[in-house]
Amino acid sequence: MSEEINIAGQLKFASQHLFNLIVFIGILYYFLKDIVVKFFSSRSLKISKEIQEANAVIETSQEAYNISSQKISLIDSELTELRNSIDLTTNRKTSEIIDNANIIAKKIKTDTEDIIKLESLRLKLEVESIILEKSLEIAKLEIRKEINDEKDIQLISSFLSEVKQNAISNS
Amino acid sequence: MPSATVNDFFIALTSEASSKENLEKVYLGLSNFVRAFDNDKNIRLCLINDIYPSAVKNDLISQIVSECESTRKFLEVIIEFNLLKSFVESREFFLKKLRKLLGKVKIEVVTVNVSQKDKLDFIKSQLEGIWGTNLELSFKENQEILGGIVLQVEDKYFDGSILGKVNELKKINIKGEFNV
């Protein structure tokens with residue numbers, strides 16, 4: 001029985017409070033409706049404005065980005081061209097340098113061969129000359145040993161006869 | 001006005017000494033002068049240097065060529081005309097000219113030994129057989145020629161020495177080919 005009283009009391013209590021709440025909400029709605037609507041309207045406007053500004057910024061940025069992208073792609077293509085050109089020039093220069101180096105190397109080789117030939121010829125002639133000098137020195141020593149007055153007079157006589165013959169034929 | 005040259009005075013000298021005997025004296029005088037000039041440095045310096053007066057030079061010349069008056073006068077004149085240097089530079093030319101007038105041939109003989117009279121007589125007789133008896137012979141000794149004879153006959157040079165033959169061999173290389 002007491003439980004039934006309690007439930008009825010509770011329902012009553014709840015319905016009173018519900019009523020109070022509804023009244024409170026109605027008062028609130030009545031007094032705050034315009035303010036809240038105004039607030040949210042202004043907020044909505046502000047947000048939409050901000051969104052527009054953001055969109056404008058995004059568009060500007062997009063344009064700047066596009067321009068930058070175009071520039072970057074242009075720079076990139078120029079860089080590629082430049083790189084290709086550098087590569088070509090480098091290759092051409094390298095091949096020129098290698099060709100020149102080859103030519104110089106060939107020339108040096110030829111010159112060196114010539115120098116070696118000439119030097120060996122010079123040394124050969126020098127050696128021959130030294131041998132000849134030594135041989136003649138030995139010959140002089142031998143002649144000095146062999147020569148005597150008789151042979152000397154014979155030599156002089158023979159030479160003077162030759163001179164006489166020449167003098168006769170010239171005159 | 002053109003000035004006189006040594007040659008002008010020389011022609012005058014040879015014309016004046018017309019006889020062969022006089023020419024011979026002139027030649028001897030000039031030869032003595034040239035020899036003294038070549039060999040004695042003091043004589044050379046005195047005659048060439050302008051600081052010495054002409055009288056000193058003339059005294060010196062008269063001492064060198066006392067035998068021949070014409071030669072002395074000739075030398076005095078060329079000193080007077082400041083032509084001694086030209087004469088000295090061309091001395092061999094003028095002596096040669098005189099030798100030609102005298103029919104004389106100057107021969108310088110080089111041998112290894114000049115002490116053997118027989119050899120020198122033999123050479124002299126041989127040379128007389130070629131260039132006649134009017135020779136102005138001088139002998140020089142040079143051991144370096146090894147043997148044979150070298151002749152300087154006026155401007156001509158005859159090499160019949162062993163050294164000359166050896167030097168000719170130098171023109172032939174080891175293969176036996178001539179280098180020239």
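Each chain gets a letter, A, B and so on, in the order its sequence line appears, and its residues count up from 1. This one's a predicted model, so the numbers in the text were calculated from it and none came from an experiment. Atoms considered below: every heavy atom in the structure, side chains included; atoms not considered: hydrogens, waters and symmetry mates.
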Interchain contact, B:Phe158 with chain A, by part (heavy-atom threshold 4.5 Å): both
Residue pair B:Leu151 / B:Asp159, side-chain heavy-atom distance below 4.5 Å: no
Contacting moiety of A:Glu162, where chain B heavy atoms sit under 4.5 Å: neither
Pairing of A:Glu126 and A:Arg122 as salt bridge, 4.0 angstrom limit: yes
Heavy-atom contact with chain B under 4.5 Å, split by part of A:Ile147: side chain
Modelled atom types, side-chain donor and acceptor of B:Asn7 and B:Thr5, under 3.5 Å: no
Engaged part of A:Ile143 at the chain B interface, taking heavy atoms whose separation is under 4.5 Å: side chain
Structural part of A:Ser135 lying under 4.5 Å from a heavy atom of chain B: neither
Check: B:Phe74 ring centre within less than 6.0 Å of B:Phe87 ring centre: yes
Test: B:Arg44 and B:Asp38 ion pair at under 4.0 Å: no
